[in-house]
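Notes to accompany the following structure.
As the structure is a computational prediction, the values presented were derived from the model and not from experiment. For the single chain, residues carry numbers from 1 onward in sequence order.
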Amino acid sequence: MYLVTILGNQLIILAVSSDSRLHTPMYFFLANLSFVDICFTSTTIPKMLVNIQIQRRVITYDSCIMQMYFFILFLGLDNYLLTVMAYDRFVAICHPLHYTVIMNPQLCGLLVLLTWTISVLHSLLQTLMVLRLSFCTVLEIPHFFCELNQMIQLACSDTFLNNVVMYFAAILLGGGPLAGILWSYFRIASSILRISSTEGKYKAFSTCVSHLLVVSLFYCTSLGVYLSSAAPQSSHASAVASVMYTVVTPMLNPFIYSLRNKDIKGALNVFFRGKSLKGHFLRSTCDCSLNA
């Protein structure tokens, strides 16, 4: 599953970068999302695979803190990029005549930079809050990676301030983007309903289906993690739910976008056909030189 995730997201990046027809805001954000998904899964899964192979489930304190920092960073980036992509679909459907003016390269770059800045600062804040805690000499984390909530629960010192910061950030930085996505799709739905022709409605809605599926998958699995961690004696259920959004969701994203997207499939076909023709040309040239 990890290899499929890496390969699938790399193919999305390859398709977007190699085909000039895909150099649009929507695919620019999609390529960034694929890159973040690769980093997201690479934060936790390789260590888990090593632990399974060597049968030694141990991680150092420094590695644990580092893993937690990058996990929060890329989880936040996933969330914010999905919000930016929802805004992009809102502009494309509700303001189609001004789309190229509004979603110019400068704004797209600024939005991605803003998502990185917020994610880095939030991850740094949460990590520094954990560093102020003291832990017992021997700890066993009931999870397959160093998750923030688990770390706070295992601390031996007072965790009131950590919980306040964690829940406040979850409401502000988690609920805010979700509210933005819901607002965007409310406006999109209103605009689609005003379209007179059925074909026009279908065409407008089809541009949002892939993003809607990814958003639903992301937030449903995240909600599953929250509910399972809130329940008593739910370490196994929480770990299973975490696997869903750390492994399954990033793995399915490329399939959702590529299987329903003719542009992506076309770009990959052109790329691999070009590579095949180039290899055939080189072999033919080599044969001709040898014959000569």
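- Put simply, the side chain of Ser17 gets close to the backbone of Leu14: a donor and an acceptor are under 3.5 Å apart.
- Ile118 is connected to Leu172 through a chain of hydrophobic side-chain contacts under 4.5 Å among Ile, Leu, Val, Met, Phe, Trp and Tyr, so both are in one cluster.
- Checked by atom type and distance alone, the side chain of Ser34 never pairs as donor or acceptor with a backbone atom of Ile12 at under 3.5 Å.
- Aromatic ring centroids of Phe70 and Phe40 lie 6.0 Å or more apart.
- For the atom pair CD1 (Ile192) and NZ (Lys201), the distance works out to 9.5 Å, reported to the nearest 0.5 Å.
- Residue Tyr61 places its OH atom among more than 12 non-hydrogen atoms of other residues, nucleotides or ligands, all under 6.0 Å distant.
- A pairwise comparison of heavy atoms in Cys108 and Pro25 identifies SG-CB, 3.6 Å as the closest pair.
- Taking CZ of Phe35 as the start and CG of Leu77 as the end, the distance is 9.0 Å to the nearest 0.5 Å.
- Applying the disulfide (SG to SG under 2.5 Å) test to every pair with at least one member in residues 47-95, sequence neighbours left out, gives these pairs: Cys64-Cys146.
- The closest donor-acceptor contact from the side chain of Asn253 to the backbone of Val214 lies at 3.5 Å or more, if one exists at all.
- At a cut-off of 3.5 Å, with distance as the only test, a side-chain donor of Tyr185 or His211 sits close to an acceptor on the other residue.
- Counting non-hydrogen atoms of neighbouring residues, nucleotides and ligands closer than 6.0 angstrom, the CZ atom of Arg57 reaches no more than 12 such neighbours.
- In this structure, Ile72 and Met68 have side chains that are in contact, with non-hydrogen atoms separated by less than 4.5 Å.
- To the nearest 0.5 Å, the span separating SG on Cys39 from CZ on Phe74 amounts to 4.0 Å.
- Shortest non-hydrogen contact noted between Tyr99 and Arg89 is OH-NH2, 3.8 Å.
- Linking ILVMFWY residues whenever their side-chain heavy atoms come closer than 4.5 Å, directly or via other members, leaves Tyr87 and Tyr80 in distinct clusters.
- Side-chain contact between Val36 and Leu81 is present, with heavy atoms from C-beta onward closer than 4.5 Å.
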| request: List the steps, then state whether side chain to side chain contact (heavy atoms under 4.5 Å, CB included) holds for Phe28 with Met103. | output: CA-CA 11 Å; Phe28 171 70; Met103 299 303 295; over 6 Å; no
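- The CE atom of Met151 sits 9.5 Å away from atom OG1 of Thr127, with the distance rounded to the nearest 0.5 Å.
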| request: Decide yes or no on side chain to side chain contact (heavy atoms under 4.5 Å, CB included) for Thr159 and Gln153, but give the supporting numbers first. | output: CA-CA 8 Å; Thr159 60; Gln153 290 178 4; over 6 Å; no
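- Without hydrogens or angle criteria, Asn9 side chain to Ile38 main chain gives no donor-acceptor distance under 3.5 Å.
- Checking side-chain atoms of Ser63 against main-chain N and O of Ile59 turns up no donor-acceptor pair under 3.5 Å.
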| query | Is there a side chain to side chain contact (heavy atoms under 4.5 Å, CB included) between Met129 and Leu161 once you walk through the steps? | reply | CA-CA 8 Å; Met129 291 298 296; Leu161 186 59; 3.5 Å; yes
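- Scanning for side chain to side chain contact (heavy atoms under 4.5 Å, CB included) contacts around Tyr219 gives Asn79, Pro177, Leu178, Ile181, Val215, with sequence neighbours left out.
- Inter-residue side-chain proximity for Val248 and Leu252 is flagged as met; some heavy-atom pair is nearer than 4.5 Å.
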| task | Kindly determine whether Gln67 and Lys47 satisfy side chain to side chain contact (heavy atoms under 4.5 Å, CB included), including the steps that lead there. | result | CA-CA 10 Å; Gln67 186 184 69; Lys47 175 61 178 173; 4.0 Å; yes
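- Side-chain heavy atoms closer than 4.5 Å link hydrophobic residues (I, L, V, M, F, W, Y) into clusters, and following such links, possibly through other members, connects Leu11 to Leu30.
- A donor-acceptor pair is defined here as one N or O able to donate and one able to accept, closer than 3.5 Å; such a pair exists between the side chain of His23 and the backbone of Val16.
- For Ser123 (side chain) and Val120 (main-chain N/O), no donor-acceptor pair under 3.5 Å exists by modelled atom type.
- Using a 4.5 Å cut-off between side-chain heavy atoms of Ile, Leu, Val, Met, Phe, Trp and Tyr, with links allowed through other members, Ile152 and Tyr167 fall into the same hydrophobic cluster.
- With values rounded to the nearest 0.5 angstrom, Asp37 atom CG is found 11.0 Å from Thr246 atom OG1.
- Not a single donor-acceptor pair under 3.5 Å links the side chain of Asp78 to the backbone N or O of Leu75.
- Of the possible polar contacts, one joining the Ser197 side chain to the Gly200 backbone as a donor-acceptor pair under 3.5 Å is found.
- The side chain to side chain contact (heavy atoms under 4.5 Å, CB included) check on Val4 picks up Met251, Phe255, with sequence neighbours excluded.
- Of all heavy-atom pairs between Pro254 and Pro250, the closest is CD-O, 3.1 Å.
- The backbone N or O of Val84 sits nowhere less than 3.5 Å from a side-chain atom of Asp88 that would complete a donor-acceptor pair.
- Within 6.0 Å of the CZ atom in Phe205, the count of heavy atoms belonging to other residues, nucleotides or ligands does not exceed 12.
- A single hydrophobic cluster is not seen to contain both Ile93 and Ile195; linkage of ILVMFWY side chains at heavy-atom distances under 4.5 Å, directly or through other members, places them apart.
- Looking only at atom types and distance, the side chain of Ser42 has a donor-acceptor partner in the side chain of Tyr2 under 3.5 Å away.
- Using a 4.5 Å heavy-atom threshold, the side chains of Val209 and Leu213 count as touching.
- In this structure, Ile264 and Tyr257 have side chains that are not in contact, with every pair of non-hydrogen atoms separated by 4.5 Å or more.
- A ring-centre distance under 6.0 Å is found for Phe90 and Trp183.
- Counting non-hydrogen atoms of neighbouring residues, nucleotides and ligands closer than 6.0 angstrom, the CE atom of Met48 exceeds 12 such neighbours.
- No side-chain N or O of Asp19 forms a donor-acceptor pair with one of Tyr27 less than 3.5 Å apart.
- With values rounded to the nearest 0.5 angstrom, Ile256 atom CD1 is found 5.5 Å from Leu217 atom CG.
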